[in-house]
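Chain letters run A, B, ... following the sequence lines, proteins first, then strands; residues in each count from 1.
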Amino acid sequence: MAREYKLKPKQNAGTQSGIDYRAELNDQQYAAVTSRPGHALVIAGAGSGKTRALTYRVAYLLDQEVPAKSILLLTFTNKASREMLERVKELIPQDTSDLWGGTFHSICNRILRRHADELGFTRNFSILDTDDQKSLMKQLIASAKIETKNRRFPKPDVLLSIFSLSENTKTSIEDIIDANYPYFEEWLDEIILLKRNYTSKKLETNCMDFDDLLLLALKLLKQDEDLRQLYQRKFRYVLVDEYQDTNATQCELIDLFVGKKNSLMVVGDDAQSIYSWRGADMGNILTFHGRYPDACIYKIETNYRSRPEILELSNAAIKANVSQIPKELRASREKGSMIPAVIPLSDPRAQADFVTQRIQDLIDEGIEPNEIAVLYRAHYQSMEVQMELTSRDIPFQITSGLRFFEQAHIKDVSAFIRFVVNRRDEISFKRMAGMLPGIGPKSADNLWRAWVALPISKQEEPPLAFSEYLLEFKVPKKASAHWEQLCYTLDELVTRDGFQMPSEMILSITGGVYDDYMRESFDNFEQRKQDIQQLMQYARGYTDINEFLSQLSLMSTADGDPKANRKEEKNEDAVTLSSIHQAKGLEWKVVFLIWLADGMFPIKKIIETENNDQLEEERRLFYVALTRAKDELYLTYPTLNPRSYTGEILQTPSRFFDDFSQDLVEEWQVHSGW
DNA sequence: GTTCGTTGCCTTTTT
DNA sequence: GGCAACGAAC
């Protein structure tokens, strides 16, 4: 396989001083899009530079002396907004620190931190992540004493997704169950009751979950007209990336920020809508014109990213979908030296072997490792490749399912901080207490009851010496020494006039109790200890404890965990392993898409539902994966899956292969050399 | 009555 | 490899 790769060193286009919006815009439309006043909707295909169009508009606005503080930039990850602003700075030397940019969640968090008291919360509210939600729900199910012996009651995470879907699509619980969970219909009353308990518990414990951040911000702005006008006057220009993945709440929030006077620009691609399970509604794009009749709608069908061979395949693959805005993407690049490869392998081991060996070859040919990605449908599918890369000493970075801050030991440490900051945070208190030997759920609950019985537990200010109260509590004998230690540790987290610095808090917690706990609970103690060091390092950048805690909850892996962000460890030359969802918006020269067996992608569950909408979403996901590649694309699947617990099973290639002509790909036969 | 260790079952995607 | 259910130990 002869290849001609003459790779130039990576350079950032457009870093020259002086700004010419047309300079690197191959398409006249861009200039029009970025500079036109009023509303705009850009429907554009993959790799057409949607994000670039947004970036240019920000630069343009700043160049027109629009103050940065009157721009609101909503993106899918915080990292995306950071990168866009960096790019703006390259284009135009203006200070963008006043600009509000980030995810819906982080923007709503900022607003709520200022005004949460209007909703019955305090500004120190805690943010519940999925894990916190689950343990809260588990408690609520237990205390509701539902008779589940004979009939199966939905598990906490199922309940939570019912609630979330109901909120995000503005559909009643009843209708959601009717449509998606008919087998739980008999539990309708209990489910509705739990929903009510869940909501009131969050208020009582001063906690918000991810949905609340959006919903409550929306509620706040709807109910308080002065506040609404304040923000409407502030954000004169609203820009939204990945518009196809907004849900009803986000859509309404945008419309509310824009009001009657402000200017809105959104970009999106219906073919890349992959979050409907989270309530995302493509309808938001389709109804855009109805809500903004004077908006200009642009369609960009030029792809600047991929070789024509890859694009042709992608076009063909997505054509099988019925519900879509038809687009025919044209490649602006020249033909490359290979057409996408399809590689059947005997089993997952062989697949991993092939992928890693090919990666090694590419690196030897001079491709930078960070220009290579391995993508898959589900995180667990990356196992074998991870092991193989490790054994061959090829550096890789993985966007795991668990975010850095979601790992148990990180959450343990922050539980202390969260409780001290928000004294009503039951979940954090119980997590903290439960770490002590001899204290399980029951004793933790008793301790919590003793705590809430004290009036001091409801007050916000001032910080107090926790030991004064907590030392009196009755704890199991086995735990008493540890309990004392814990109380004094809590005392160290506050100062006379406020909270200790975040990094100091972590130091106190590890020194006071957590090191001991970690040593006896985890076999990979050293590794976790290092993570905590990272956390402490990261905390140094923060003085405000609420800001630090918000960041922990709202930062996703895609935003880069602090590990990856540390300069000396920044893995410039690592291969990327990522789920397709997390690869959204990114691109690499070489992409491997693995586990393309029917039942693995599309996943079995969706095949079994025989729901065509879901299958189409799965196909869009496939499309997203294909269009990440710039130059080379490898599609692999194992024909045998020995790891299945039903024993070895034969696997057929993904049904997505049936959607395109086999001329568009070349099949590679891999023979084991020895 | 509660905690803690062991076995067996199942594995989507994320702010 | 993680979590629920179960049964043994405290």
Trainee: Scan A/P441 against the nucleic acid and name what it touches under 4.0 Å (heavy atoms): base, sugar-phosphate only, or nothing.
Mentor: sugar-phosphate
Trainee: Measure from CG on A/D245 to P on B/dT13 and round the result to the nearest Å.
Mentor: 16 Å
Trainee: Output a table of donor-acceptor pairs, distance under 3.5 Å, between side-chain atoms of residues 277-285 of chain A and any protein atom two or more places apart or on a different chain; print 'none' if there are none.
Mentor:
unit_1 : atom_1 : unit_2 : atom_2 : d
A/W277 : NE1    : A/I274 : O      : 3.1
A/D281 : OD1    : A/G283 : N      : 2.8
A/N284 : ND2    : A/T246 : O      : 3.0
A/N284 : ND2    : A/T246 : OG1    : 3.0
A/N284 : ND2    : A/D281 : O      : 3.4

Trainee: Want to settle it: does A/E617 or A/L436 sit nearer the 5' end of DNA chain B, counting the closest nucleotide to each?
Mentor: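 The residue mapped nearer the 5' terminus is A/L436.
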Trainee: Nearest of C/dA5, B/dT14, B/dT3 to any side-chain atom of A/K155?
Mentor: C/dA5
Trainee: Distance check: side-chain N/O of A/Q582 vs OP1/OP2 of B/dT13, anything under 4.0 Å?
Mentor: no
Trainee: Answer with base, sugar-phosphate or nothing: what part of the nucleic acid does A/L214 contact at a heavy-atom distance below 4.0 Å?
Mentor: nothing
Trainee: Would you mind reading off the distance between A/R278 atom CZ and B/dT15 atom P, rounded to a whole angstrom?
Mentor: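 Those two atoms, CZ and P, are 7 Å apart.
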Trainee: Nearest to the A/T77 side chain among B/dT15, C/dA4, B/dT2, which nucleotide is it?
Mentor: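 It is B/dT15.
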Trainee: Given the rule in the ring-ring contact (aromatic ring centres under 6.0 Å, His included) test, do A/Y637 and A/W595 qualify, once you have shown the distances and angles that lead to the verdict?
Mentor: CA-CA 5 Å; A/Y637 62 91; A/W595 279 106; over 10 Å; no
Trainee: Which nucleotide sits closest to the side chain of A/K478: B/dC4, C/dA5, B/dT12?
Mentor: B/dC4
Trainee: Taking atom C1' of B/dC4 as reference, at what distance in whole Å does atom OH of A/Y517 sit?
Mentor: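 About 12 Å, once rounded to whole Å.
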Trainee: Looking at A/F473, I'd like to know if the NZ or CZ of A/R449 sits under 6.0 Å from its six-membered ring centre while staying within 45 degrees of the ring's axis.
Mentor: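 Negative - A/R449 is either too far from the ring of A/F473 or too far off its axis.
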Trainee: Nearest nucleotide by nearest heavy atom, which residue falls closer to the 5' end of DNA chain B, A/A444 or A/I606?
Mentor: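 Looking at the nearest nucleotide for each, A/A444 comes out on the 5' side.
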Trainee: Using side chain to side chain donor-acceptor pair (under 3.5 Å) as the criterion, list what pairs up with A/H115, not counting sequence neighbours.
Mentor: A/Y231
Trainee: If the condition is side chain to side chain donor-acceptor pair (under 3.5 Å), which residues does A/D157 pass it with, not counting sequence neighbours?
Mentor: none
Trainee: Whole angstrom is fine here: how far is it from CG in A/N247 over to C1' in B/dT14?
Mentor: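 Computing the A/N247:CG to B/dT14:C1' distance gives 12 Å.
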Trainee: Under 4.0 Å: is that the gap between some side-chain N or O of A/H379 and OP1 or OP2 of B/dT14?
Mentor: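 So the side-chain polar atoms of A/H379 do come within 4.0 Å of the phosphate oxygens OP1 or OP2 of B/dT14, strictly under.
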Trainee: For the pair made of CG in A/D131 and P in B/dT15, what is the distance, rounded to whole Å?
Mentor: 15 Å
Trainee: Would you say A/S553 places a side-chain N or O within less than 4.0 Å of OP1 or OP2 belonging to B/dT15?
Mentor: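 Checking A/S553 against B/dT15: no side-chain N or O falls below 4.0 Å of OP1 or OP2.
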Trainee: Considering residues at least two apart in sequence or located in another chain, which fulfil the ring-ring contact (aromatic ring centres under 6.0 Å, His included) criterion with A/F548?
Mentor: A/Y542
Trainee: From B/dT13, B/dT15, B/dT3, pick the nucleotide closest to the side chain of A/R377?
Mentor: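 The answer is B/dT13.
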Trainee: Calculate the interatomic distance between A/K442 atom NZ and B/dT2 atom P; express it in whole Å.
Mentor: 5 Å
Trainee: By nearest atom, which of the nucleotides B/dT15, B/dT12, B/dT14 is closest to the A/Y275 side chain?
Mentor: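 That would be B/dT14.
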Trainee: Would you kindly give the CZ-to-C1' distance between A/R620 and B/dT13, to the nearest whole Å?
Mentor: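 It is 13 Å, rounded to the nearest whole Å.
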Trainee: To the nearest angstrom, how far is A/I274 atom CD1 from B/dT15 atom C1'?
Mentor: 13 Å
Trainee: Check the geometry between A/W277 and B/dT13 and answer yes if their rings are stacked (centres below 5.5 Å, planes below 30°), otherwise no.
Mentor: yes
Trainee: Which dot-bracket notation, 5' to 3', represents the base pairing of DNA chain C when pairs are defined as Watson-Crick or G-U with both distances under 3.5 Å, crossing pairs as [ ], and inter-strand pairs as |?
Mentor: .|||||||||
Trainee: Return the set of residues passing ring-ring contact (aromatic ring centres under 6.0 Å, His included) with A/H105 (not counting sequence neighbours), or none when no residue passes.
Mentor: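 Expected list: A/F210.
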Trainee: Any side-chain N or O of A/K138 under 4.0 Å from OP1/OP2 of C/dA4?
Mentor: yes
Trainee: Of the listed nucleotides (B/dT14, B/dT3, B/dT12), which one gets closest to any side-chain atom of A/S443?
Mentor: B/dT3
Trainee: Is it true that A/F429 and A/W448 have ring centroids separated by less than 6.0 Å?
Mentor: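 Aromatic pair counts; centres sit under 6.0 Å.
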